[in-house]
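A, B, ... follow the sequence lines: proteins, then strands. Residue 1 opens every chain.
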Number of protein chains: 4
Amino acid sequence: MDLTPPRWQRRKDARPAEIIEAALALFVEKGFAAARLDDVAKRAGVTKGTLYLYFENKEELFKAVVRETVLPNLEFAELLVADHRGSCADLLWALLEGWAQRLQQSPSTSISKLMIAEASNFPELGRFYLEEVVLRSRRLFAEVIQRGIDAGEFRAVDVAMATRSVTAPLMMIKVWKQSFECCDSSEVDLPEFARFHYEMLIRGLRAD
Amino acid sequence: MDLTPPRWQRRKDARPAEIIEAALALFVEKGFAAARLDDVAKRAGVTKGTLYLYFENKEELFKAVVRETVLPNLEFAELLVADHRGSCADLLWALLEGWAQRLQQSPSTSISKLMIAEASNFPELGRFYLEEVVLRSRRLFAEVIQRGIDAGEFRAVDVAMATRSVTAPLMMIKVWKQSFECCDSSEVDLPEFARFHYEMLIRGLRAD
Amino acid sequence: MDLTPPRWQRRKDARPAEIIEAALALFVEKGFAAARLDDVAKRAGVTKGTLYLYFENKEELFKAVVRETVLPNLEFAELLVADHRGSCADLLWALLEGWAQRLQQSPSTSISKLMIAEASNFPELGRFYLEEVVLRSRRLFAEVIQRGIDAGEFRAVDVAMATRSVTAPLMMIKVWKQSFECCDSSEVDLPEFARFHYEMLIRGLRAD
Amino acid sequence: MDLTPPRWQRRKDARPAEIIEAALALFVEKGFAAARLDDVAKRAGVTKGTLYLYFENKEELFKAVVRETVLPNLEFAELLVADHRGSCADLLWALLEGWAQRLQQSPSTSISKLMIAEASNFPELGRFYLEEVVLRSRRLFAEVIQRGIDAGEFRAVDVAMATRSVTAPLMMIKVWKQSFECCDSSEVDLPEFARFHYEMLIRGLRAD
DNA sequence: TATGAATGAGGCTTCATTCAT
DNA sequence: CATGAATGAAGCCTCATTCAT
């Protein structure tokens, strides 16, 4: 009976996802340039050469990480907006609450910090992320605000500005948390802050 | 009698600052790892070797950039808070307006993006920046909010949370602007947003 | 009753030859080091792993290519010389004409270029090729020349030298053709040149 | 008194030539792909990094080797042809003798073997070499032959063919010498062969 | 003080080879 | 037999750092 484990296993289907997950972690932690493919490979449980079976080079791996990680997140929220019946305030809360939870739980949201750091080094990818994530999220919230205004539920504020007021705080807090988690124990809890933020927003937005 | 010092001497005194300025620009644009000292030197108008006359190595140069760039920005605001007579709303506005202007004009504020990216690679520096900039700013705003609450001008909100609500949006917008300036022409104007943000905040904070 | 063996079995027997043919083409085109086994496999219609069922490693494959490709070519010519009755000039022409045709048609003759490039990296193989092809060909032509001298048909030239005069031009033109076929459309036709070459030779060799 | 030798010296002017010489030797010996830049550097007395101060990459180094090494050789011969007074036979001999000497002495002539091996991997360089060396040499000899025909000194042969008859043998012998020097001690002496070759040619060419 | 040629460690990438399937 | 996923050594190349000038 041979008990020595095989030197490796064939796991063609599982590999790309495992590699992308490992790469996400290291890119987020170190940045693109400082992340070493050796470490990515080690974390994914393969060797460096294996990476090149699935990705052409470091840059393509990076792009894959962004693309694979980013996309699926917004669809649920978009459906929520499309289907909502009821007050815009409630809808806003539903969106914020859901987003805060995803920010807290899903590792994919850490890509924001990464893109902030690397967008200028990868303009094409920056455009992709901006369009597919940033602008798409904004459009979502903008629609809710506009709907609230049209319904007389909100004041006639500048929608573009209001959209930033809604989205920027949660985003920023997530980014701070990640960046300074090594040294800052004082950061606020995201879902809790979402509630606080929501109440501030409603007072700022509601019609007098 | 010519009393102006010879040109090279003036430059000699100016060198460290010039190098730091160049390094700031490149670190912000590329990140620490991807910024090449050759390019820093070129931008500073010197050669690579010269950098090592003033800074021990790349990491020390990075630390110097952060330390030199970060410090002087908050003192004025702290004085403003200490000396203010009048409503807390006015004080809040004065702070936000001044900050928005500095974010727009002073290159030193671009360090935020850099620290977001590099804090986990340089924990010591992360702590320094967190303490000297992030927490110090928060304390400033926290004090104003607390003062407003004590004076009955503001509602009795959670001060820690409210502080984030005040600071995060401007910060985030500055960071987005920088990161996506290559591809996004739609970003809002900072001082204008500061005004909008202030009005939202006041509605959220003021006592009923 | 179908007596033709199933297709895969025929292929199994044919495999080594197919691989060698593919390898010859790629080694000649790229050189030993720059030829990739992946491409050899692809051209042979198998996968990389299969190569190792038939050849121990790249170097052994290379040796097999040289050995298998080189051998059968001279026998016919040797018989021709052994059996010839008639003038040595006629024999010389028969040899040159036959050689020119083989150079033009048989892929195996492209090995010359390969050996020129790789002999110093594979001295053992160089010796093999030198002995089995170069020297053996020379002996053939040397014998004809010597026979012509002995018969009073040719001048009493230095046989070693004359042998080079006979063999080098065709060889060189074949090699040039191959090496510069990508960029040179001006190269002469081999059989035509063989005729020209023969007439030059005869004038150079014949007794006054 | 410090007797330890300096770790390195600044020799900006001498470096490129030294590197090219070292690279020539290694490329000729191993071929382009099999030659290691580490070895080139070692032979040139520098380190790998230094190569990149003078040449962009391995391919550019290769091109530089070909360009720098090959070109100066033909100019002398071209002058000889332009200035010659006397019989074309004498001129032909002068050219062949000079060429044989260069082939024997100048390391630059070993480029031919290299180009034969690599032309198909570097088509652009192949074209360059073909045009600047091969065709240019041929033009030289073609002119002499044509002149001899026009003067009634030579038969009215096909000039293109005759040119190959003149040039190919010396070239081929040089190439064989290099490729099989490790294993063949029987190769003829180049200047001696040039004389032999000349006498064969003259008999082949001269008018009856 | 300033230069920039030279270094050498370390990363990315390729590819001959192995081996689980 | 055949496959092709996985390996790992080795090569190219970059760039922070050093040091002769």
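For the contact set between residues 45-60 of chain A and DNA chain E, defined by any heavy atom under 4.0 Å, the members are A/Lys48, A/Tyr52, A/Asn57, A/Lys58. For the contact set between residues 115-124 of chain A and DNA chain E, defined by any heavy atom under 4.0 Å, there are no members. Near DNA chain F, meaning a heavy atom under 4.0 Å away, there are no residues from residues 16-42 of chain A.
The minimum heavy-atom distance between D/Ile111 and D/Thr69, with the atom names listed, is CG1-CG2, 4.0 Å. Residues B/Ala64 and B/Phe55 come closest through the heavy atom pair CB-CE2, 3.6 Å. Nearest heavy-atom pair, D/Phe62 versus D/Glu118, reported as atom, atom and distance to 0.1 Å: CZ-CB, 4.0 Å. Among all heavy-atom pairs drawn from B/Ala117 and B/Ser120, the shortest one is O-OG, 4.5 Å. Between A/Ala119 and A/Gly126, the shortest heavy-atom contact is CB-CA, 4.2 Å. The two residues C/Ala35 and C/Leu26 come nearest to each other via the heavy atoms CB-O, 3.9 Å.
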| note | Symbol by symbol from the 5' end, with Watson-Crick or G-U pairs under 3.5 Å, [ ] crossing and | another strand, DNA chain E is .||||||||||||||||||||
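Looking at A/Glu18 and A/Arg15, a side-chain N of the basic residue comes within less than 4.0 Å of a carboxylate O on the acidic one, giving a salt bridge.
Rounding to whole angstrom units, CG of residue C/Leu61 and C1' of E/dC15 are separated by 15 Å. Put simply, NZ on D/Lys12 is 16 Å from C1' on F/dA20, counting in whole angstrom units. As a whole-Å value, the separation of D/Gln9 CD from E/dT7 C1' is 15 Å.
Legend: residues meeting salt bridge (charged side-chain N to carboxylate O under 4.0 Å, His left out) with A/Lys48, ordered by chain and number and at least two apart, are A/Asp38. When the salt bridge (charged side-chain N to carboxylate O under 4.0 Å, His left out) test is applied to A/Glu60, the partners found at least two apart in sequence or on another chain are A/Lys63.
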| message | Set out, in order, the CA-CA distance, both residues' side-chain angles and the distance that settles side chain to side chain contact (heavy atoms under 4.5 Å, CB included) for A/Ser179 and A/Lys113, then state yes or no. | response | CA-CA 8 Å; A/Ser179 297; A/Lys113 183 197 139 186; 3.6 Å; yes
| Are C/Asn121 and C/Phe32 close enough, and set up right, to give a side chain to side chain contact (heavy atoms under 4.5 Å, CB included), and what steps lead you there? | CA-CA 9 Å; C/Asn121 287 333; C/Phe32 176 78; over 6 Å; no
| said: Checking D/Val46 against D/Leu53 for the side chain to side chain contact (heavy atoms under 4.5 Å, CB included) test, could you report, in this order, the C-alpha distance in whole Å, the side-chain angles of both residues, the deciding distance, and whether it holds? | reply: CA-CA 11 Å; D/Val46 297; D/Leu53 294 177; over 6 Å; no
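OP1 or OP2 of E/dA2 lies within a sub-4.0 Å distance of a side-chain N or O belonging to B/Arg15.
Of the options B/Phe27, B/Phe122, B/Phe128, a side-chain contact (heavy atoms from CB on, under 4.5 Å) to B/Val66 is made by B/Phe128 and by none of the others.
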